[in-house]
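The figures that follow rest on heavy atoms only: side chains count, while hydrogens, waters and symmetry mates do not.
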Amino acid sequence: ANIFSAGIETHGLNENAVKTMKRDGIDISSYNSNNVNEYNNINFDFVITVCDNANESCPLFFSKNSIRIHQNFIDQSKIIKSKNILKDFDNCRDEIKKFSKEFKNKFF
């Protein structure tokens, strides 16, 4: 299976996201921030939006056979005035991990 990740805006990698993933044993420091428009010609089986803003603004470029799933997570790029930003990022990562495992169990 091919998995792509993109947003409706590109901001580059968030340093706190890199640190959070590293604490979970995953190095994303060489990853890119991609825009959904880079994937206009791909017929996706699933399109998963992960924040309410993306759900409302995501372009309808995918094939009509795509299954669209929406699961709102805290937008990590908006976490800036937190008393414990690393814990907030870890919580978000853990929510995404849980959702991903449930998605895999349901569809594969």
Side-chain angles (χ1 to χ4, degrees):
N2 293 317
I3 300 170
F4 299 86
S5 175
I8 56 174
E9 299 173 0
T10 54
H11 301 284
L13 289 181
N14 184 302
E15 183 180 317
N16 289 312
V18 173
K19 291 176 185 176
T20 292
M21 294 307 293
K22 188 160 233 143
R23 284 193 299 279
D24 206 35
I26 300 169
D27 182 7
I28 64 168
S29 62
S30 64
Y31 287 24
N32 298 327
S33 177
N34 299 90
N35 187 284
V36 294
N37 293 321
E38 297 175 45
Y39 304 120
N40 285 335
N41 298 322
I42 298 175
N43 291 319
F44 290 101
D45 296 319
F46 298 92
V47 174
I48 303 170
T49 52
V50 296
C51 71
D52 287 339
N53 185 40
N55 189 41
E56 295 168 7
S57 305
C58 190
L60 300 175
F61 64 86
F62 46 89
S63 73
K64 59 184 172 182
N65 295 328
S66 298
I67 296 171
R68 187 169 178 165
I69 299 170
H70 175 65
Q71 177 63 49
N72 188 51
F73 297 105
I74 296 169
D75 184 346
Q76 292 183 355
S77 68
K78 308 292 189 237
I79 300 174
I80 51 175
K81 292 185 177 181
S82 170
K83 292 181 180 180
N84 192 340
I85 196 163
L86 296 179
K87 182 174 168 85
D88 290 343
F89 269 75
D90 286 353
N91 288 341
C92 185
R93 178 205 58 213
D94 293 345
E95 287 179 18
I96 294 170
K97 186 191 295 189
K98 180 179 182 243
F99 170 82
S100 299
K101 287 178 181 179
E102 290 170 356
F103 172 83
K104 180 184 173 222
N105 290 337
K106 182 174 183 177
F107 292 103
F108 297 96

Residues in ring-ring contact (aromatic ring centres under 6.0 Å, His included) contact with Phe99, at least two apart in sequence or another chain: Phe73
With sequence neighbours excluded, residues passing side-chain hydrogen bond (donor to acceptor under 3.5 Å, both in side chains) with Glu38: Asn34
Donor-acceptor under 3.5 Å (Arg93 side chain, Thr20 main chain): yes
Under 3.5 Å donor-acceptor, Asn40 side chain and Asn37 backbone: yes
Side-chain donor or acceptor of Ser66 paired with backbone N/O of Asp45 under 3.5 Å: no
side-chain contact (heavy atoms from CB on, under 4.5 Å) evaluation trace for Phe89 with Val18: CA-CA 10 Å; Phe89 269 75; Val18 173; over 6 Å; no
Criterion side chain to side chain donor-acceptor pair (under 3.5 Å) on His70 and Thr49, from CA distance to verdict: CA-CA 5 Å; His70 175 65; Thr49 52; 2.8 Å; yes
Leu13 reachable from Ile3 in the ILVMFWY side-chain graph, under 4.5 Å edges: no
Under the salt bridge (charged side-chain N to carboxylate O under 4.0 Å, His left out) test, residues paired with Lys97 that sit two or more places apart: Asp24
All salt bridge (charged side-chain N to carboxylate O under 4.0 Å, His left out) counterparts of Lys87, not counting sequence neighbours: none
Worked verdict on Ile96 versus Gln71 for side-chain contact (heavy atoms from CB on, under 4.5 Å): CA-CA 9 Å; Ile96 294 170; Gln71 177 63 49; over 6 Å; no
CZ (Phe4) with more than 12 external heavy atoms under 6.0 Å: yes
Salt bridge present between Glu15 and Lys19 (N-O < 4.0 angstrom): yes
Selection residues 2-14 - residue pairs positive for salt bridge (charged side-chain N to carboxylate O under 4.0 Å, His left out), sequence neighbours left out: none
Test salt bridge (charged side-chain N to carboxylate O under 4.0 Å, His left out) applied to Lys104 - qualifying residues, sequence neighbours left out: none
Check against side-chain contact (heavy atoms from CB on, under 4.5 Å), Val47 and Ile67: CA-CA 6 Å; Val47 174; Ile67 296 171; over 6 Å; no
